[in-house]
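The structure appears right after this line, and notes come after that.
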Amino acid sequence: MELPSKYDPSTVEDKWYAYWIKNDFFHSEPNGKQPYTIVIPPPNVTGILHMGHVLNDTINDVLTRKARMDGKNACWVPGTDHASIATESKVVAMLKEKGITKDDISREEFLKYAWDWKEEHGNKILKQLRKMGASCDWERTKFTMDPDMTEAVINTFVYFYKKGFIYRGVRMVNWDPAGLTAVSDEEVVHKDTKSKFYHLRYYISDGQGHPTDKYIIVATTRPETIMADAAVSINPDDERYHWLRGKKVLIPLIDKEIPIIEDSYVEIGFGTGCLKVTPAHDVNDYEIGLRHNLPITDIIDDHGKLNDKARILVGEDRFVARKKIAVMLEESGNLEKVEDYISPVGYSERTNAVIEPKLSTQWFLKMEDLSKMALESVESGRVKFIPDKYINTYRHWMEDVHDWCISRQLWWGQRIPAYYLPDGKYVVEATKEEALAAAKEIDPSVSASDLKQDEDVLDTWFSSWLWPISVFDTNKAGHPDAVPNKDLSYYYPTNDLVTAPDILFFWVARMIMAGDEFMGKEPFSNVYLTGIVRDKSGRKMSKTLGNSPDPLDLISKYGADAVRIGMLLCSSAGNDIFYDESQIEQGRNFCNKIWNSFRLIKGWEIDEKSIQPDCSASAVKWFENKFSQVLESVEEDYSKFRISDALMSTYRLFRDDYCSWYLEIIKPEYGKGIDRKTYDSTIAFFENLLKMIHPVMPFITEELWHAMESREEGSTIMYQPFPKVENYDSGIISDFAKTEDIVNGIRSVRQQKNLSPKQPLSMIVKGSLPEGCFPVVAKLANVGKIEFSEKVGNAADVISFIAGTTEIFIPLSGLVDHDEEVAKIKDGLEYQKKFLASVRKKLANSSFVDHAPEAVVELERKKEADAVSRIDSYESQLKLLSEK
RNA sequence: GGGAGCAUAGCUCAGCUGGUUUAGAGCAUCUGCCCUACAAGCAGAGGGUCGGGGGUCCGAAUCCCUCUACUCCCACCA
């Protein structure tokens, strides 16, 4: 069978993925082996695969496949998140196209649409993950809104409520006027935004509600809220304004009388020193309002439009109103001036709408105790962050955490299990039946139809924080005393979590809290934080910028293995990834290299009569040792999550050591067969290399592993043991490095002198060669004749170089440029002299000799001796040349 | 405003406990090669005052201080 000269992933990948699925290779059940567990960061059910997922899930898959080959019972649990705001807004948009709004339909109808939509569009991302080769245990696929998962969430709510951790209260919350819901502090992104600073005249009232001719200037970025002002505040220490004490001012345009108050919150040096206090529309003003007992006038509705209480501009959107009121204020003479201004403005992470601080009744979870536990989990080292710099960020947050606003004014999600009695009292129970029983204790006359369930649903993260528990056992969350089921006892705690740092608080911290609370154990030991994938010029990849390639296109163009490698090559933990398609090309090229090396080996005929040549014997011996040496460092890299390093070492081992050196040495002459001994070693090496590469490149390695020989039905490389580090002799490795130096030196001479590789050379050696060196040099550098000599005859006709301390001379009669040689040798001499001087300076320093460890001093002495020897060589060569 | 991180070749990064490092890799660049595995390749070469300054030490890319640049996180300056 003739293999094509280029590897074609498209014919290979689907075949093997189907094979893996057919044989149930990804599925795990508890058994006597050591478990290795990863839960996927559940992507949004409506999401599609982007480069961030590719990075994240490739790492997840590499870790899973490596653990599997290490003999562990590996289980990677996949699933999706219902993502309440994101999904609901997609459904709302879909309905809008049909001319339907949420107001037109009931909650039940809406949810029906939502579920239909989820069935049709959801889980697409999970199918895409298969294209990447993800070895998820698909039988365990979970969705955060599966009925049993929802049950766990509700139980958790009831548990924390009864524990006294969940309360309901009126608070200033972050209102998202586009999503029409409150969002948590963590879902608000502050961005510096260009705005205007309006300086407004507030006239002093004459006491009868009429303006006097005196006024003060108040600076604000939100003139549309002046109708909601409850006071103007000055700092009590601000002498400029003491004359205002006890006075009242009039709100421009509506002439409403409001008091001057004094509060030290106001900064004397900022703005004009006069602050309009608008308790309904600003968090700080709300606090001031509480201190001074100010009335609250809420003039903005849920959609961000001015309401009746505004008295003017009723029904206008807040930003339109801002522009219009500026004109009105100018016309009325209340506008002193307008300045350009940049201020931080909060945006909703999901909808990008400007957040409106708004008073409303919401449910909160107390964070104080939970965050203390979660901080201790990390500080004690029971949970490690990779890289560990994120501990600082984490600590900072955990020490300054606010109660978690867990209610959302949405329909898509877990509905809060609070049931209201007609009198407004409420009970919290997991089911309506239990709620009724509890309600009857308050008021025996209550019937089921009197109970009204809370309209709100829970924050999405209130379900995903249970993920590492609930994917295995949906009964345990909310029931810390329950006996965990078989799966949970076996798989929990999971081992590693791979995720992006931007959800460290949203998700990672809260999973730790839930784990501590319900399991008494952290949900994972290591958190590997990947960077953000950016484009070449450093911009975050985003849909709106259009700079994010579709991973599926890349897979069909280059193959999944190439995409995986391309992403990993440039990704050290915690650093952002600068994505460039050329990295994937490099991955594709590597696939091709592996493919072609196999074609070479496959093409060899074994000649049973042929005995192993010396050069092959040394190559085999060397590669055995080299392989173990590299494997050892690869294992260390994996253990420290240095995946790109592990990959790079593997890449170089295969490309440079195996292909460029090893195969070139043992390659039989054209038309001749290969000896059995060398062939067997070569095949064994190749198989070990495939195993080593498999976690990062699952498809091509499976393909070639099967192509090597016919395997038993149902066998797979993915369950082959990862190669084990054997004892190796670093002397053999360093000897070979010297051999490489000599080969490189001769090749360099050929290059300089423009000599064809086909033209055999001879060499004269002054000094010693490592064992087995010459046969290798002879083959790779095409050296036909070797001679050992302390004296080199005709100095003018040789080109020389030094490998280690051995001098190599290549006789090239008629081709040697005398002056060039002299110059080259003088350069080398110069360099060695400088080097020697620096080493001698060190050795002459008695402090160094006295203080430095013996080994270090010994090393310097060796450097000195080598330098002396090289200088000696150069000088004798110069002498020979000058004699000419 | 507070905190953290980072700064090493054109680019992306290693360099772990200070001493085989007058600093390494991959990519890119340049030169020469279609040699019967691979031009998606082979062989060779060039490229760095380790951000600036100061300090500790026998010895600093590595530890300390300081300045500068960038990045991220947190934060209510209207």
Side-chain angles (χ1 to χ4, degrees), chain A residues 3 5-7 172 185 190 197 218-222 233 265-267 269-278 282-287 341 343-344 346 357 387 389-397 400 501-502 504-505 532 536 538 558 562 569-572 574-578 580 582-583 585-586 588-604 636 640 642 644-645 647-649 651-652 659-660 663-664 667 670-671 743-744 747-752 754 756-758 831 834-835 838-839 842 845-853 855-857 859-860 862-863:
Chain A
L3 291 167
S5 73
K6 289 191 169 40
Y7 168 63
M172 192 61 118
D185 291 344
H190 288 91
F197 212 21
V218 171
T220 180
T221 53
R222 299 202 60 190
S233 180
Y265 168 76
V266 181
E267 233 175 87
F270 189 82
T272 61
C274 296
L275 170 73
K276 72 195 250 330
V277 182
T278 319
D282 185 280
V283 183
N284 302 300
D285 291 10
Y286 176 67
E287 300 290 325
Y341 190 65
S343 61
K389 65 178 176 185
Y390 284 102
I391 293 179
N392 293 321
T393 327
Y394 181 83
R395 182 185 303 113
H396 191 67
W397 191 75
D400 186 35
D502 53 345
L504 192 59
F505 308 134
I532 295 163
K536 252 196 284 188
Y558 297 104
L569 273 174
C570 58
S571 61
S572 49
N575 288 337
D576 285 356
I577 313 304
F578 292 86
D580 185 342
S582 68
Q583 290 150 0
E585 268 178 54
Q586 195 187 343
R588 188 260 325 254
N589 295 352
F590 186 46
C591 288
N592 212 40
K593 186 77 186 169
I594 297 172
W595 180 256
N596 278 298
S597 64
F598 176 71
R599 282 177 68 217
L600 175 69
I601 301 166
K602 180 92 181 164
W604 289 336
E636 201 194 335
K640 291 179 178 164
R642 294 196 296 233
S644 62
D645 289 352
L647 173 58
M648 186 47 72
S649 306
Y651 176 85
R652 292 178 59 200
C659 294
S660 296
L663 290 181
E664 291 300 331
K667 201 188 235 178
Y670 183 65
V743 172
N744 288 338
R747 282 173 175 170
S748 183
V749 169
R750 281 187 194 277
Q751 174 94 0
Q752 283 162 31
N754 215 358
S756 156
K758 287 176 185 161
Y831 181 91
K834 262 188 174 168
F835 180 64
S838 81
V839 172
K842 231 182 205 183
N845 182 339
S846 61
S847 303
F848 171 72
V849 181
D850 295 345
H851 289 97
V856 174
V857 177
L859 198 67
E860 290 301 315
K862 170 106 173 43
K863 280 188 197 169

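Within every chain, numbering begins at 1; the chains are lettered A, B, ... in the order of the sequence lines, protein sequences first and strands thereafter.
Separation of the P atoms belonging to G53(B) and G47(B) is 23 Å when rounded to the nearest angstrom. G3(B) and U22(B) have their P atoms separated by 39 Å, with the value rounded to a whole Å. Separation of the P atoms belonging to C33(B) and C70(B) is 47 Å when rounded to the nearest angstrom.
In this structure, the side-chain contact (heavy atoms from CB on, under 4.5 Å) partners of Ser847(A), at least two apart in sequence or on a different chain, are Asn845(A), His851(A). Every residue meeting the salt bridge (charged side-chain N to carboxylate O under 4.0 Å, His left out) condition with Glu664(A), not counting sequence neighbours, appears here in chain and number order: Lys667(A). Residues satisfying the side-chain hydrogen bond (donor to acceptor under 3.5 Å, both in side chains) test with Arg395(A), not counting sequence neighbours, are Glu379(A), Asn392(A). A search for side-chain hydrogen bond (donor to acceptor under 3.5 Å, both in side chains) contacts involving Ser233(A) returns nothing, not counting sequence neighbours.
In RNA chain B, stems built from 3 or more consecutive Watson-Crick or G-U wobble pairs, each with both distances under 3.5 Å, span B:1-5 with B:70-74, B:10-13 with B:24-27, B:29-33 with B:41-45, B:51-55 with B:63-67.
Contacts of Arg747(A) with the nucleic acid, taken as non-hydrogen atoms under 4.0 Å apart, involve only primed sugar atoms and P, OP1 or OP2. No engagement by Cys591(A) is indicated, since no non-hydrogen atom pair under 4.0 Å with the nucleic acid exists. Using a 4.0 Å heavy-atom criterion, one finds that Val277(A) contacts no nucleic acid atom at all. At a threshold of 4.0 angstrom between heavy atoms, the contacts of Pro853(A) include nucleobase atoms, whether or not backbone atoms are also involved. Among the atoms of the strands shown, none is found under 4.0 Å from any heavy atom of Phe590(A). Counting non-hydrogen atoms under 4.0 angstrom, Ser582(A) reaches nothing in the nucleic acid. Counting non-hydrogen atoms under 4.0 angstrom, Arg652(A) reaches the backbone sugars and phosphates but no base.
Comparing Ser5(A) and Leu275(A) by the nucleotide of RNA chain B whose heavy atom lies nearest to each, the residue mapping closer to the 5' end is Ser5(A).
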Please write out the pairs of protein N or O atoms and N or O atoms of nucleotides 1-12 of chain B separated by less than 3.5 Å, giving the distance to one decimal.
{"unit_1": "A4(B)", "atom_1": "O3'", "unit_2": "Asn392(A)", "atom_2": "ND2", "d": "3.3"}

